[in-house]
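Take a look at the structure below.
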Amino acid sequence: MHKYTTHLVKEYDAICIEDLNVKGMLMSHVASKGVHRALFGRFRSYLEYKCKSAGVKLVIANRFYPSTQRCAACGNIKKDDEKITLSGNKKNGTKHNEYVCYNKKCPNYGKVVDRDMNAMMNLTFLIDHPRYNKAL
């Protein structure tokens, strides 16, 4: 983990990570093994002190920022039964790792996009637009 966080700090001028509810995720049987293995808390603290000492901008996304629910192309936010959960979206029949925007004005309307890639683009957006770093 030290090598990876060092690599990130050397490679990027700015980094954005999510403020995850690790304790809550550990309670979930679906996500607990992956979270435990990843040691998010330690990862974050390594990244914080390394960014600070190297002068790299570190943005911590608000715990309730909708990174996986917001379309990175148009900004539309999924609500209620449109939201993506760990089991996907039953209403639209999408899997947990798929993001589909249903805003007809969006260039990605109806296209299946990788959910994590969409979230990554939303988090990257926060680096230059911190005013959007809030829960909706």
Side-chain angles (χ1 to χ4, degrees):
M1 196 174 327
H2 270 295
K3 286 182 181 181
Y4 185 64
T5 52
T6 299
H7 166 75
L8 290 174
V9 170
K10 286 181 178 179
E11 189 72 22
Y12 299 100
D13 295 330
I15 299 169
C16 183
I17 61 172
E18 292 178 293
D19 180 20
L20 299 173
N21 178 8
V22 176
K23 283 187 181 181
M25 292 174 82
L26 289 172
M27 299 298 278
S28 164
H29 297 293
V30 175
S32 66
K33 285 184 182 179
V35 172
H36 194 298
R37 284 189 203 125
L39 300 166
F40 280 125
R42 188 171 295 165
F43 175 80
R44 178 178 169 170
S45 72
Y46 286 176
L47 205 51
E48 284 176 328
Y49 84 76
K50 289 179 183 186
C51 283
K52 186 175 181 177
S53 68
V56 171
K57 180 179 181 180
L58 178 63
V59 175
I60 308 295
N62 181 296
R63 180 172 293 184
F64 300 105
Y65 174 72
S67 63
T68 58
Q69 305 301 329
R70 178 190 301 264
C71 177
C74 72
N76 184 53
I77 299 170
K78 293 182 178 283
K79 295 183 185 334
D80 304 320
D81 61 351
E82 294 284 328
K83 284 187 170 184
I84 305 167
T85 65
L86 289 175
S87 58
N89 179 280
K90 291 180 182 171
K91 177 183 177 184
N92 297 304
T94 56
K95 298 176 185 170
H96 75 283
N97 63 336
E98 298 175 335
Y99 183 92
V100 179
C101 185
Y102 296 105
N103 175 5
K104 292 182 180 179
K105 296 178 182 177
C106 179
N108 283 344
Y109 172 71
K111 294 179 185 174
V112 176
V113 180
D114 181 79
R115 185 193 73 174
D116 292 335
M117 183 63 72
N118 183 69
M120 182 272 308
M121 291 187 313
N122 282 319
L123 292 170
T124 302
F125 174 79
L126 286 182
I127 292 170
D128 294 323
H129 303 89
R131 67 184 177 276
Y132 293 104
N133 192 4
K134 58 186 174 188
L136 297 176

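For this chain, numbers begin at 1 and follow the sequence in order. Since the structure is predicted, the reported quantities are computational estimates derived from the model, not experimental observations.
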- Task: Please name all residues satisfying side-chain hydrogen bond (donor to acceptor under 3.5 Å, both in side chains) with Asn103, sequence neighbours left out, ordered by chain then number.
- Result: none
- Task: For residues Val9 and Cys51, report the shortest heavy-atom separation together with the two atoms involved.
- Result: CG2-SG, 3.8 Å
- Item | Over all atoms of both residues, closest heavy-atom pair of Lys83 and Gln69 | CA-OE1, 3.2 Å
- Only counting residues at least two apart or in another chain, list the ones meeting salt bridge (charged side-chain N to carboxylate O under 4.0 Å, His left out) with Asp81. Lys91
- Note on the structure: The complete set of side-chain hydrogen bond (donor to acceptor under 3.5 Å, both in side chains) pairs with one or both residues in residues 3-12, sequence neighbours excluded, reads Thr5-Lys50, Thr6-Lys50
- Item | Sequence neighbours excluded, every pair satisfying salt bridge (Lys or Arg N to Asp or Glu O under 4.0 Å) that has a member inside residues 92-104 | none
- Side chains of Lys57 and Asp13 in contact at under 4.5 Å (non-hydrogen atoms): no
- To the nearest 0.5 angstrom, please state how far the CG atom of Asn133 sits from the SG atom of Cys16. 6.5 Å
- Query: Taking side chain as C-beta onward, heavy atoms only, is Val112 less than 4.5 Å from Thr94?
  - Reply: no
- Item | Remaining members of hydrophobic cluster (4.5 Å side-chain criterion), Met121 | Met117, Met120
- What one should report as the nearest heavy-atom pair of Ile127 and Ala14 is CG2-CB, 3.5 Å
- Query: Looking at residues at least two apart in the chain, or sitting in another chain, which of them share a side chain to side chain contact (heavy atoms under 4.5 Å, CB included) with Lys52?
  - Reply: none
- Query: For residues 81-125, which residue pairs qualify under ring pair (Phe, Tyr, Trp, His ring centres under 6.0 Å), counting only residues two or more places apart or in two chains?
  - Reply: Phe125-His129, Phe125-Tyr132
- Residues at least two apart in sequence or cross-chain that pass side chain to side chain contact (heavy atoms under 4.5 Å, CB included) with Lys111, listed by chain then number, are Asn108
- Task: Mind checking the OG1-CZ spacing from Thr68 to Arg115? Nearest 0.5 Å is all I need.
- Result: 5.5 Å
- Item | For Thr85, side-chain hydrogen bond (donor to acceptor under 3.5 Å, both in side chains) partners two or more places apart | Ser87
- Query: Got a sec, which residues hit salt bridge (charged side-chain N to carboxylate O under 4.0 Å, His left out) with Arg44, two or more places apart in sequence or on another chain?
  - Reply: Asp19, Glu48
- Query: To the nearest 0.5 Å, what is the distance between CG (Leu123) and CD1 (Ile17)?
  - Reply: 9.5 Å
- Would you please name every residue forming a side-chain hydrogen bond (donor to acceptor under 3.5 Å, both in side chains) with Glu18, sequence neighbours left out? Ser67
- Query: If Ile, Leu, Val, Met, Phe, Trp and Tyr residues are connected whenever their side-chain heavy atoms lie under 4.5 Å apart, and connections chain through other members, are Val56 and Leu8 in the same group?
  - Reply: yes
- Query: What distance do Leu47 atom CG and Ile15 atom CD1 have between them, rounded to the nearest 0.5 Å?
  - Reply: 4.5 Å
- Item | Distance-only donor-acceptor check, side chains Asn89 and Glu82, under 3.5 Å | no
